[in-house]
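Input: a single structure, listed below in structure tokens.
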Amino acid sequence: METDVLKRVPIAEQDPKVRAANFDEVCLGYNSEEAVAEAGRCLNCKNARCIQGCPVAINIPEFIHEVKEGNFEKASRIISEASSLPAVCGRVCPQESQCEGQCIRGIKGDPVSIGKLERFVADWARENNIKPKAPEEKNGKKVAVIGSGPAGLTCAGELAKKGYDVTIFEALHEPGGVLVYGIPEFRLPKQAVVAPEIENVKALGVKIETNVIIGKSTTIDELMEEEGFDAVFIGSGAGLPRFMGIPGETANGVFSANEYLTRSNLMKAFDEDYDTPIKPGKKVAVVGGGNVAMDAARTALRLGADVTIVYRRSESELPARVEEVHHAKEEGIKFNLLTNPTEILVDENGWVKGMKCVRMELGEPDESGRRSPVVIPDSEFEMELDTVIMSLGTSPNPLISSTTKGLDVNKRKCIVASEDNGMTSKSGVYAGGDAVTGAATVILAMGAGKAAAKGIDEYLNGNDR
Amino acid sequence: MYKILKAEKLADNIYLMDVEAKRVAKSCMPGQFVIVKIDEKGERIPLTICDYDREKGTITIVFQIVGASTARMSKLKAGDSFRDFTGPLGRPSELCDKSLEELKKMKILFVAGGVGTAPVYPQVKWLKENGVDADVIVGSKTYDLLILEKEMEAVAGNLYVTTDDGSYKRKGMVTEVIKDLVTNEGKKYDVCIAIGPMIMMKFVCLLTKDLDLPTVVSLNPIMVDGTGMCGACRVTVGGEVKFACVDGPEFDGHKVDFDQAMKRQQLYKTEEGRAFLRQQEGDTHHGNCGGDK
């Protein structure tokens with residue numbers, strides 16, 4: 001296979017027109033020939049900056065080297081040492097700002113497609129039935145993990161590898177957290193990709209108990225005092241959806257992105273065989289510019305709607321992954337940028353009929369470093385709509401913090417935990433992921449889960465040895 | 001899996017089940033709810049906890065057929081199982097915060113409508129067991145839909161049954177009974193707890209506001225996860241948007257925007273939605289997340 005070393009080996013994708021009407025995965029992945037060719041572009045840097053860019057520090061040059069040599073199983077073992085969810089990360093990580101953003105190849109040309117190679121290796125391992133093994137010796141200590149999303153699965157997997165007896169408690173009826181309720185099928189297939197990754201974590205010896213709401217069904221104190229858990233990791237995720245607080249927001253046809261996506265992803269409302277209904281809408285506005293906004297927009301599109309993203313800053317400030325924005329545009333999602341809603345217009349029966357918006361311009365950078373949007377006077381206009389999906393982030397769920405004695409939260413009501421080892425204000429209790437940081441990414445949550453596993457291991461070892 | 005130990009038909013389309021759910025039974029309190037899911041394809045259905053047995057580890061639920069999932073649930077028998085059963089969700093009833101001393105001094109009026117009789121029953125029973133007699137009004141459309149009458153009679157201080165069509169006992173709405181008791185008989189109550197259809201709770205609250213009788217209602221909006229994550233259950237209370245699943249389900253009835261709440265309940269009930277779902281399922285499905293909730 002001939003390649004221009006400055007350019008990535010192109011990857012097959014479903015045609016935008018075809019995929020706009022189905023929920024099958026958009027990106028089809030590399031075949032082995034393509035993967036080997038792309039791996040050949042890696043310079044195998046001694047001081048590998050890509051590893052520093054990876055929140056779970058996968059030995060990237062080493063695994064890519066094995067791909068180049070055709071040793072896919074070995075490559076998968078190298079990735080597994082650092083990551084429990086490679087098939088997920090290869091699909092949903094913001095590589096452009098992490099590993100690939102650091103790639104030397106990227107200075108003069110395209111960076112190496114590290115994410116796509118990771119995905120290839122993980123998919124190959126799954127198809128060839130390569131599974132991680134549970135450690136032979138257990139250390140007899142019990143750890144409870146709250147939440148089975150990226151942070152919880154990672155923390156549980158890491159601890160199980162070290163011989164701990166780990167039980168994950170999941171509030172919903174399926175394990176996976178945001179991987180099953182949030183990220184859509186066309187970006188992260190549930191049965192084909194997520195379920196086997198969770199099976200891999202179970203293969204390490206991790207138990208998962210679904211339908212347990214910590215703070216309600218039982219509490220952290222009860223887990224430690226009555227059920228004999230020596231330590232607890234909280235990876236309960238982001239929590240309650242935010243709304244704008246503008247008039248008309250309780251009208252019928254205004255949904256949080258969480259609700260819209262949960263109905264479609266977790267409850268499979270897009271599939272006629274399932275009981276849960278969804279109101280897809282015909283003319284839909286999605287308010288927000290993050291990955292969740294893109295997911296909601298592309299889900300609505302697939303359910304037959306005409307969809308516009310409404311975002312108050314400009315394109316370069318969109319927090320979503322570049323690939324998601326690109327895919328959304330290809331599929332026909334419209335972007336109404338530098339636009340902010342001021343009121344949702346409601347008909348006499350309580351349904352959305354439109355949205356009043358104002359145009360914005362960018363002013364001085366704010367504390368996040370992004371230029372803050374300022375309203376342009378007399379720029380008000382109306383959009384005709386039947387559905388508005390609010391994708392404005394989340395605020396922490398108080399279920400756990402309000403029922404756990406001695407667990408400190410910060411001003412924003414996020415759990416206070418050390419970035420280095422996840423330690424909270426309560427002895428034996430660790431936390432990480434969106435419950436600590438507020439809504440962020442899958443991989444940052446995994447990084448936090450991994451750090452906390454190390455912290456828990458040090459705590460339990462220091463305790464009686 | 002969560003095993004059904006008892007399944008009973010209470011009235012047309014209304015069913016009672018005892019379900020084994022140890023964690024829920026250990027920690028639940030009156031006023032809270034559970035979410036049940038019959039199988040892989042079923043909806044998550046919120047239902048108020050009607051009774052619980054901490055020793056046996058069981059929860060009693062009562063539900064009415066309103067959609068595809070509840071229709072399938074009605075066919076389950078003792079020995080069958082729910083795939084999922086989770087809770088307790090929401091906040092316990094405010095009465096749980098009061099000491100027995102305080103409760104004994106209080107005059108409490110319960111107003112139950114239709115399938116809402118089920119969640120009222122355990123509260124009245126609990127009070128009775130603790131030496132507090134509460135008055136109970138039970139309203140039903142017609143005699144055939146009346147549930148738990150005997151059980152209620154055994155625990156209520158006074159029980160007043162009324163049917164919309166006059167097919168049994170009094171004829172008329174629950175509001176007329178309240179008026180009678182307070183205005184004509186001069187009874188004084190410290191608090192009214194109303195659980196039933198949204199429209200009933202709205203009119204009870206309009207009346208009790210006039211009567212200056214504090215009233216607590218238990219709302220039953222559309223929900224998905226029940227833990228605060230989806231925001232489907234938002235309701236305006238005292239001008240503020242609340243999530244019924246985490247801030248409720250019980251609220252000060254005089255502050256609830258019932259008209260908005262009733263409109264929101266129609267979300268999946270439009271003509272178009274009905275036709276669409278009928279065509280898919282060969283059955284009417286209202287997406288109202290079932291039961292009394």
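Letters A, B, ... are given to chains in the order of the sequence lines, protein chains preceding strands, and every chain is numbered from 1. Since we're looking at a predicted model, the values are computed, not measured.
Residue Arg264(B) qualifies as enclosed at atom CZ: its count of foreign heavy atoms under 6.0 Å is above 12. Within a 6.0 Å sphere centred on NZ of Lys190(A), other residues, nucleotides and ligands contribute more than 12 heavy atoms. Under a cut-off of 6.0 angstrom, the local environment of NZ in Lys142(A) is crowded, with over 12 non-hydrogen atoms contributed by other residues, nucleotides or ligands. Applying the 6.0 Å contact sphere to CD of Glu209(A) captures more than 12 heavy atoms from other residues, nucleotides or ligands.
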* Verdict with reasoning, Tyr274(A) to Glu43(B), per side-chain contact (heavy atoms from CB on, under 4.5 Å) -> CA-CA 8 Å; Tyr274(A) 286 73; Glu43(B) 267 190 80; over 6 Å; no
* To do: Assess whether side-chain contact (heavy atoms from CB on, under 4.5 Å) is satisfied between Met229(B) and Glu259(A), documenting all intermediate values.
  => CA-CA 8 Å; Met229(B) 205 182 77; Glu259(A) 177 185 356; over 6 Å; no
* To do: Would you please test Lys26(B) and Glu226(A) for salt bridge (charged side-chain N to carboxylate O under 4.0 Å, His left out) and show each step?
  => CA-CA 13 Å; Lys26(B) 185 174 170 240; Glu226(A) 295 171 22; 2.9 Å; yes
* To do: Any chance you could lay out the side-chain contact (heavy atoms from CB on, under 4.5 Å) test for Lys263(B) and Asn349(A), step after step, and finish with the verdict?
  => CA-CA 7 Å; Lys263(B) 277 180 187 158; Asn349(A) 296 316; 5.7 Å; no
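Both the backbone and the side chain of Glu40(B) come within contact range of chain A, with heavy atoms under 4.5 Å apart. Neither the backbone nor the side chain of Ala257(A) comes within less than 4.5 Å of any heavy atom in chain B. Leu399(A) touches chain B through its side chain: at least one heavy atom from C-beta onward sits under 4.5 Å away, while N, CA, C and O do not. Contact annotation for Phe85(B): only backbone heavy atoms (N, CA, C, O) come within less than 4.5 Å of a heavy atom of chain A. Both the backbone and the side chain of Ser217(A) come within contact range of chain B, judged by heavy atoms closer than 4.5 Å. Contacts between Val241(B) and chain A at a heavy-atom distance below 4.5 Å involve the side chain alone, from C-beta outward. Heavy atoms of Thr227(B) lying under 4.5 Å from chain A belong to its backbone as well as its side chain.
Contact count against chain B (heavy-atom pairs under 4.5 Å) is highest for Val212(A) among Val212(A), Thr219(A), Leu261(A), Thr210(A). The most heavy-atom pairs under 4.5 Å with chain B, out of Gly215(A), Pro241(A), Gly239(A), Gly237(A), come from Pro241(A).
Note: Arg263(A) CZ to Cys230(B) SG = 7.0 Å, rounded to the nearest 0.5 Å. Interatomic distance, CD1 of Ile213(A) versus CZ of Arg23(B), reported as 11.5 Å (0.5 Å rounding).
Considering Lys41(B), Lys37(B), Arg72(B) as possible partners of Asp275(A), the one that fulfils the salt bridge (Lys or Arg N to Asp or Glu O under 4.0 Å) test is Arg72(B).
Formation of a donor-acceptor pair under 3.5 Å by the Ser27(B) side chain with backbone atoms of Lys216(A) is found in this model.
Taking the six-membered ring where tryptophan is involved, the planes of Tyr268(B) and Phe255(A) are tilted, since the angle between them lies from 30° to 60°.
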Considering only distance and modelled atom types, tabulate donor-acceptor pairs under 3.5 Å from the side chains of residues 167-182 of chain A, sequence neighbours left out.
{"from": "Glu170(A)", "atom 1": "OE1", "to": "Ser148(A)", "atom 2": "N", "distance (Å)": "3.1"}
{"from": "Glu170(A)", "atom 1": "OE1", "to": "Ser148(A)", "atom 2": "OG", "distance (Å)": "2.6"}
{"from": "Glu170(A)", "atom 1": "OE2", "to": "Leu172(A)", "atom 2": "N", "distance (Å)": "2.8"}
{"from": "His173(A)", "atom 1": "ND1", "to": "Arg44(B)", "atom 2": "NH1", "distance (Å)": "2.8"}
{"from": "Glu174(A)", "atom 1": "OE2", "to": "Arg83(B)", "atom 2": "NH2", "distance (Å)": "2.8"}

